[in-house]
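As structure tokens, the structure follows; a few thoughts come after it.
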There are 2 protein chains.
Amino acid sequence: MLSSDLVSGPTRAPTLADVATEAGVSLSTASHAFSGTKPVSAATRERVLAAAASLGWTGPNPLARNLRRGRSGVVGIAVGRLSTAFRDPAALAMLDAVSEVLDAAGLGLLLMPDDAEVGLPLDAVIYDICGRETWGAYADLVARDVPLVVVEGPAWPGTTFIDIDHRAGAAALGRHLHDLGHRRVATLTLEASHPQREREAGLREVFPEVEVIGACASDVAAAQETVGSWWDGGSSATAVVCQSDVQAAGVVVEARRRGLDVPGDLSVAGFDGVVLPWLDVELTTVVQPLADKGRATARAVLARIAGEDVEDVVLPVRLRTGGSTGPA
Amino acid sequence: MLSSDLVSGPTRAPTLADVATEAGVSLSTASHAFSGTKPVSAATRERVLAAAASLGWTGPNPLARNLRRGRSGVVGIAVGRLSTAFRDPAALAMLDAVSEVLDAAGLGLLLMPDDAEVGLPLDAVIYDICGRETWGAYADLVARDVPLVVVEGPAWPGTTFIDIDHRAGAAALGRHLHDLGHRRVATLTLEASHPQREREAGLREVFPEVEVIGACASDVAAAQETVGSWWDGGSSATAVVCQSDVQAAGVVVEARRRGLDVPGDLSVAGFDGVVLPWLDVELTTVVQPLADKGRATARAVLARIAGEDVEDVVLPVRLRTGGSTGPA
DNA sequence: CGTTTCGATCGAAACGTTTCGATGCTATCG
DNA sequence: CGATAGCATCGAAACGTTTCGATCGAAACG
């Protein structure tokens, strides 16, 4: 009872309509047999499944389903250049959590290099700030009414925010150093951005006169270079506060290269609370709940897609003292 | 001449049909005015564009366009758990190149956690082996006739392969160590996989009796632990050959922690040729053209999508000697 | 001036689903 | 026994494009 063309040419892939015909039921019944949206008698379902198998039908065409449903099942995540965005383990940890939640909800995660034209159907977009401030696609996405979730970002209208308490974390770190007797403190910053501004404000609650070494990406080599040329310029401090553990690691490496002992001659603090197995000192750092942040982000995405109202989230951080800071 | 409902309820987003009506042209003409598929008089185009602007039409609905075209514009890339897959800079460098080429072609890159059910419309899928051998979605994708490009993978029917010359690289590395006088050589491996088997074969061309320390992921901590317990078990060698620079870095770190000098007491070699700024010794390694590999992969994807025949690719590697290896 | 060619426009047919509403039909209830 | 409910099934209408083929003038040609 196979369908006609055994001598077929470039066989068109079978559609649900073909399956329905083969099974001798209507298109809608065939659909229900698969989706389970409406009840179908066992016998009929059997027949439909058999027809599908015999025709080699591989399930509903996702393109058609998407159009019908008005959903693509894909969430975009805007990152800068991939290799720089994910070089920091903190970004990865968060991405991991996002992916896990989205995956469980049957959604895919699409990497959006920063300035990509978005000709793709996205159900929502996550914008993970990494020291960036502008976003080429923002206006376009707003115009298209795509739900937007911004992580650690500036206040853009129409977006949901997921953030951490940068200021409190930085302030706690400042107090820790102050308690240790440090007075000449310098800081290595990220590019101007919301998290950077908040953290600097927190640090200045304790050290109003903190010196800015310079700004660089969250990258070991970049941090080495930036702090290195600062030292080369004759500057110094008893403690350096960084904006990521990766930066801090760069400062530690560079300090040692120059014969400085950490924490004997120099205290170094980071931010994030990631694990850097290759660094033989445990960094004093502000631990942020990366997995929670990722999950909160993903949950916000799901809620926004579902059309629910979503409240912004600010997650707490905590200070973890390690061996990279000591008495001044 | 604005359309009717100024007091509209939950306004349905305007469609191209609305634009056409507003502009007083047919649907097909409106479509042509945007896509440029067929010539349209300047005056008409003007009118259509104006109508689109006045209605706030944001361009063709990607879902509908995709269904019509039979393309989704999305390419999947199968990775394991994201955080482990991208912890190695080598994976990132390659991903970066893939993304760049795909992006230029207007395609998006979707991260596929390994065992995800693929209910999404993918134009093609990249399977980047990272010591993995099986692939849950493989059968499904083949059944759906999705073009598959496998990087460094086993020979699966119907897929295009992008590979590097593992064996020659490993053999060159072996000869280098042999020339330095090493005879007691051990190797840290990846999980059993095509690249691992090839590399081990290459190494055995020079050291048939090479001892296997153990298998672990390309991760500093994992490498430290694996080689550490091997040493703890009383084993030793004058040189350790690793399957990635990250593994090699782990071995270097662990060796030093135990008071071994590299390369004085122990030579360590890696694979990949990535930059690890925090490691103060330049690794002897097999440099693989990561960006080329990524570009070749992306080009293969594009060609397969276009329905062209694509030949498998094997890229050459070269030995780079650094300060991590020395006389036995 | 009759014929051909070409450019601009239009109508209609896909693309392959999901889902709304309607239609019988068989049990259930009072 | 008539009214009501519930189940299985069906037909048809979306979803919003792109594109094929046809039509209609006007310009170009001999």
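Side chains are part of it too, since the values below use all heavy atoms of this structure and drop only hydrogens, waters and symmetry mates. We name chains A, B, ... by the order of the sequence lines, and we start the count at 1 in each one.
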Mind checking the [atom1]-[atom2] spacing from [X] to [Y]? Nearest 0.5 Å is all I need.
{"X": "L109(B)", "Y": "L110(A)", "atom1": "CG", "atom2": "CG", "value": "7.0 Å"}
{"X": "R68(B)", "Y": "L63(A)", "atom1": "CZ", "atom2": "CG", "value": "12.0 Å"}
{"X": "T29(B)", "Y": "R47(B)", "atom1": "OG1", "atom2": "CZ", "value": "9.5 Å"}
{"X": "L16(A)", "Y": "F34(A)", "atom1": "CG", "atom2": "CZ", "value": "7.0 Å"}
{"X": "L102(A)", "Y": "L111(B)", "atom1": "CG", "atom2": "CG", "value": "11.0 Å"}
{"X": "I162(A)", "Y": "M94(A)", "atom1": "CD1", "atom2": "CE", "value": "8.0 Å"}

Next item on the list: Answer with base, sugar-phosphate or nothing: what part of the nucleic acid does L27(B) contact at a heavy-atom distance below 4.0 Å?
Entry: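 Counting heavy atoms under 4.0 Å across all strands, the contact made by L27(B) includes a base.
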OP1, OP2 of [N] versus side-chain N and O of [X]: anything below 4.0 Å?
{"X": "S31(B)", "N": "dT18(D)", "result": "yes"}
{"X": "T15(A)", "N": "dG16(C)", "result": "no"}
{"X": "T29(A)", "N": "dC10(D)", "result": "yes"}

When the distance from [atom1] of [X] to [atom2] of [N] is rounded to whole Å, what number comes out?
{"X": "N61(A)", "N": "dC15(D)", "atom1": "CG", "atom2": "P", "value": "19 Å"}
{"X": "R69(A)", "N": "dT18(C)", "atom1": "CZ", "atom2": "P", "value": "6 Å"}
{"X": "R71(A)", "N": "dG16(C)", "atom1": "CZ", "atom2": "P", "value": "23 Å"}
{"X": "R65(A)", "N": "dT19(C)", "atom1": "CZ", "atom2": "C1'", "value": "14 Å"}
{"X": "H32(A)", "N": "dA22(C)", "atom1": "NE2", "atom2": "C1'", "value": "13 Å"}
{"X": "L67(B)", "N": "dT17(C)", "atom1": "CG", "atom2": "P", "value": "9 Å"}
{"X": "L55(A)", "N": "dG16(C)", "atom1": "CG", "atom2": "P", "value": "14 Å"}
{"X": "L63(B)", "N": "dG16(C)", "atom1": "CG", "atom2": "P", "value": "15 Å"}

Checklist line | R68(B) (side chain) and dT18(D) (base): donor-acceptor pair under 3.5 Å | finding: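 Such a pair is found, so the answer is yes.
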Check: For the base of dG11(C), is there a side-chain donor-acceptor partner from S28(B) under 3.5 Å away?
Finding: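 Flag set: donor-acceptor pair detected.
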Check: Side chains of Y138(B) and L148(B): closer than 4.5 Å at any heavy-atom pair?
Finding: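 In contact.
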Checklist line | D123(A) vs V74(A), side chain to side chain contact (heavy atoms under 4.5 Å, CB included): CA-CA, chis, key distance, verdict | finding: CA-CA 6 Å; D123(A) 289 349; V74(A) 175; 5.9 Å; no
Check: Using a heavy-atom distance cut-off of less than 4.0 Å, which residues of residues 33-47 of chain A contact DNA chain D?
Finding: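 Heavy-atom contacts with DNA chain D come from K38(A), P39(A), V40(A), S41(A), T44(A).
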Check: Bend across the helix from dC1(C)-dG30(D) to dG30(C)-dC1(D), to 10°, with axes taken over 5 pairs at each end?
Finding: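 Comparing the axis at each end, I get an angle of 40°.
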Margin query: For Y127(B) and W156(B), take the angle between the two ring planes, folded into 0 to 90°, and tell me which bin it lands in: parallel under 30, tilted 30 to 60, perpendicular over 60.
Written below: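 Y127(B) and W156(B): tilted rings.
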